[in-house]
Amino acid sequence: MQHWTSGYVEGLDYTYGFYRELTPALLALAALSRGQRFNLAASHLNYCELGCGQGFSVNLLAAANPGIEFHANDFNPAHIAGARGLANEAGLKNVHFYEHSFADFTDEPALPADGFDIIALHGIYSWISAENRRHVIDFIARKLKPGGLVYISYNALPGWAAVLPLRRILVDSAARQAGPIGPRIDEALGFADSLLKAEAGYFRQNSAVGTRLGSMMPMSRNYLAHEYFNRDWTPFYFEDVAAEFSSAKLSYVGAVNLLDHIDEISLTEHQRELLQAETDPLRRETVRDFLVNEQFRNDLFAKGALAHTFRSACGVWLDTRFALSVERAQVPPTIKGARGRIELHEAVYNPILDAFAGGPITVRELLTRGGGLGLSWEQVTRALSVLVGAGHLQPCLPEKGEDLRVESCRAFNLAVCRRAEDSEDLQFLASPVTGGGLLLDRFEQLFLLAIGEGLREPGQWAGLAWRILGPQGQRLLKDGKPLETAEENIAELCARAEKFAETRLPVCEQLKIVL
């Protein structure tokens, strides 16, 4: 009898995390930027995440989007039990978890009879067997509504080609040992490192692989176990994924990372000319992957092309709100592209960033405040796409319904912050403004708990945090060294609380992340 894990690594739970690409508002913006119609404001939307892991992302999204019904499956019973536990703590009524394999999930009677508007798979497709990929395609073919969207991420070729032998070395080395997977990962990394230090030809001729191995050494063993040590691990060429999805009547829309929509950021002029000469849209994506040596794709597909006209697309852009997810002063003057750092020209970006510094506004409000920006429509939409792609700006939900979202997010965020008293596993809180998450570490969550209890001064926030951390034997790090005395730890917490009050709390307030 086949083991229930079907070759998927066991013994270490999958990491907790929030994956921004799953956010409905971001998926809708990615579709809009490629001219695809999708009405996020429609009533009775249904969303499905396949292979939800710990379920933290879908729980957060359910809290931030109470008008959407969320369904999610995972074959690991511990993951589903934990996800249901957090949903119950947060009082979420619009999220439903199922302990099902992909093969069984399609026939689950509790799924909505009319299907799903969005189906998402993050970090799944490259890590399952060909048989399970067929089950996924069958699920999408049967359960996605016409006009619906599918988000998928996967390891891509040619970027992973040089690393395939390293992965083989690691898996083979780990398989030679018995016992828990964690120590076996340590031994496998050690063996690969011994080959590197012996100047093995593979590493000498693929210097980037040695750099990757070095970066893996300090990584969480939970992450490494699920990323590299499954039985099934397949990087794909884009056209092969598109061919598999075409059997479910899906057509390619575009990348969810909006930076990938702007070739000037990633490609030289000669490369752009080469790419523009390719008329086949699917072949064009493959050529682009070779030009940038793509390692990881996050793609959006649709069941039925519903194209915007220029006028209708402009109307949606104008009504879309955006908000900064970092303080205005913290937005760097450059962003990272495939060709290195790209400068954000002050004449274009400063007026836009200054306008959003006061809080969320629509594009219409952006263009009409202060007599306009003096920018063309193309400059404005491109700048917004760049800032969203860089993670500094977030698309927002409409103001309508925000009061309900505030209360739903408050309950969820309180449950998460209470867990911060004992753990640093959960690192994101839900925003009723963006419908997505904001990264806040354990200390920042404890500061929010203090504020929720009516404490107004950063020193008081630090005191509450230390009353929780001190008895647990927790010590803060400063300059890479643990602080030993209570006085040193409290002083460091006070410094962090002051910085939080100055740079992060204003962002929380604008995104209405409150307890």
Side-chain angles (χ1 to χ4, degrees), residues 21 26-38 118-122 124-126 130 133-134 136-138 140-141 144-162 164 234-310 312-313 337-339 342 378 381-382 385-386 388-389:
E21 297 85 356
L26 184 60
L27 296 176
L29 180 66
L32 172 64
S33 68
R34 285 303 197 192
Q36 173 78 15
R37 292 179 183 265
F38 183 79
I118 298 173
I119 296 176
L121 307 86
H122 183 79
I124 297 297
Y125 213 63
S126 283
R133 293 199 301 273
R134 288 192 292 272
V136 166
I137 296 297
D138 179 61
I140 292 170
L144 184 67
K145 295 179 183 179
L149 301 177
V150 171
Y151 161 70
I152 177 175
S153 65
Y154 53 95
N155 283 343
L157 291 169
W160 274 97
L164 287 170
T234 310
F236 293 97
Y237 292 105
F238 164 77
E239 285 185 280
D240 293 339
V241 173
E244 291 186 6
F245 273 41
S246 68
S247 66
K249 301 182 180 180
L250 299 183
S251 56
Y252 178 65
V253 175
V256 175
N257 182 357
L258 298 193
L259 292 182
D260 289 345
H261 295 192
I262 304 170
D263 288 337
E264 289 84 347
I265 290 176
S266 302
L267 306 176
T268 66
E269 182 177 356
H270 180 63
Q271 289 171 339
R272 294 197 300 272
E273 291 174 355
L274 179 65
L275 194 61
Q276 289 166 3
E278 178 56 63
T279 58
D280 183 280
L282 298 185
R283 176 67 176 168
R284 186 181 188 277
E285 289 298 312
T286 296
V287 172
R288 187 184 186 281
D289 285 348
F290 273 84
L291 291 173
V292 301
N293 197 33
E294 189 64 73
Q295 295 185 2
F296 188 79
R297 291 189 61 103
N298 46 52
D299 291 335
L300 193 64
F301 288 83
K303 188 176 185 177
L306 301 172
H308 272 293
T309 64
F310 177 77
S312 67
R339 294 190 292 119
I342 306 296
E378 182 181 5
T381 54
R382 175 170 298 207
S385 297
V386 168
V388 170

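Keep in mind it's a predicted model, so treat the numbers as computed, not measured.
Ring pair Tyr252/Phe301 is perpendicular by interplanar angle, where above 60° counts as perpendicular and below 30° as parallel. A tilted orientation is assigned to the rings of Phe236 and Tyr125, their planes being inclined by 30° to 60°.
For the side chain to side chain donor-acceptor pair (under 3.5 Å) with Tyr154, the lone residue among Asn298, Asp299, Thr234 that qualifies is Asp299.
Rounded to the nearest 0.5 Å, atoms CD1 (Ile152) and CD1 (Ile124) are 9.5 Å apart. In this structure, the separation between CD on Gln271 and OG1 on Thr268 is 3.5 Å, given to the nearest 0.5 Å. Taking CD1 of Ile265 as the start and CG of Leu259 as the end, the distance is 5.0 Å to the nearest 0.5 Å. Remark: Leu164 CG to Asn155 CG distance equals 9.5 Å, nearest 0.5 Å. Note that CG of Leu250 is 7.0 Å distant from CD1 of Ile137, once rounded to the nearest 0.5 Å. With rounding to the nearest 0.5 angstrom, the CD1 atom of Ile262 is 11.5 Å from the CG atom of Leu267.
Taking every heavy atom of both residues into account, Ala255 and Asp260 meet most closely at CB-CB, 3.7 Å. For the residue pair Leu300 and Ala31, the shortest heavy atom distance occurs at CD2-N, 3.7 Å. Considering every non-hydrogen atom in both Ala307 and Arg37, the closest pair reads O-NE, 3.2 Å. Scanning both residues, His308 and Ser312, for their nearest heavy atoms gives ND1-OG, 2.8 Å. Pro235 and Leu157 get closest at one heavy-atom pair: O-CD1, 3.6 Å.
Remark: the backbone N or O of Glu378 is paired with a side-chain donor or acceptor of Thr381 at under 3.5 angstrom. In this structure a side-chain-to-backbone donor-acceptor pair under 3.5 Å is present from Lys303 to Ala141. No side-chain donor-acceptor contact under 3.5 Å links Arg284 to the backbone of Glu278. Of the possible polar contacts, none joining the Asp289 side chain to the Tyr237 backbone as a donor-acceptor pair under 3.5 Å is found. Between the side chain of Ser153 and the main chain of Arg297, no donor-acceptor pair closer than 3.5 Å is present.
Residues Glu239 and Glu285 form no side-chain contact, since every pair of their non-hydrogen atoms from C-beta on lies 4.5 Å or further apart. At a threshold of 4.5 Å between non-hydrogen side-chain atoms, the residues Gln36 and Leu306 count as touching.
Shown here is Glu269, whose CD atom has no more than 12 heavy atoms of other residues, nucleotides or ligands within 6.0 Å.
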TODO: Determine, stepwise, if the pair Leu282 / Phe238 fulfils side-chain contact (heavy atoms from CB on, under 4.5 Å).
DONE: CA-CA 8 Å; Leu282 298 185; Phe238 164 77; 3.7 Å; yes

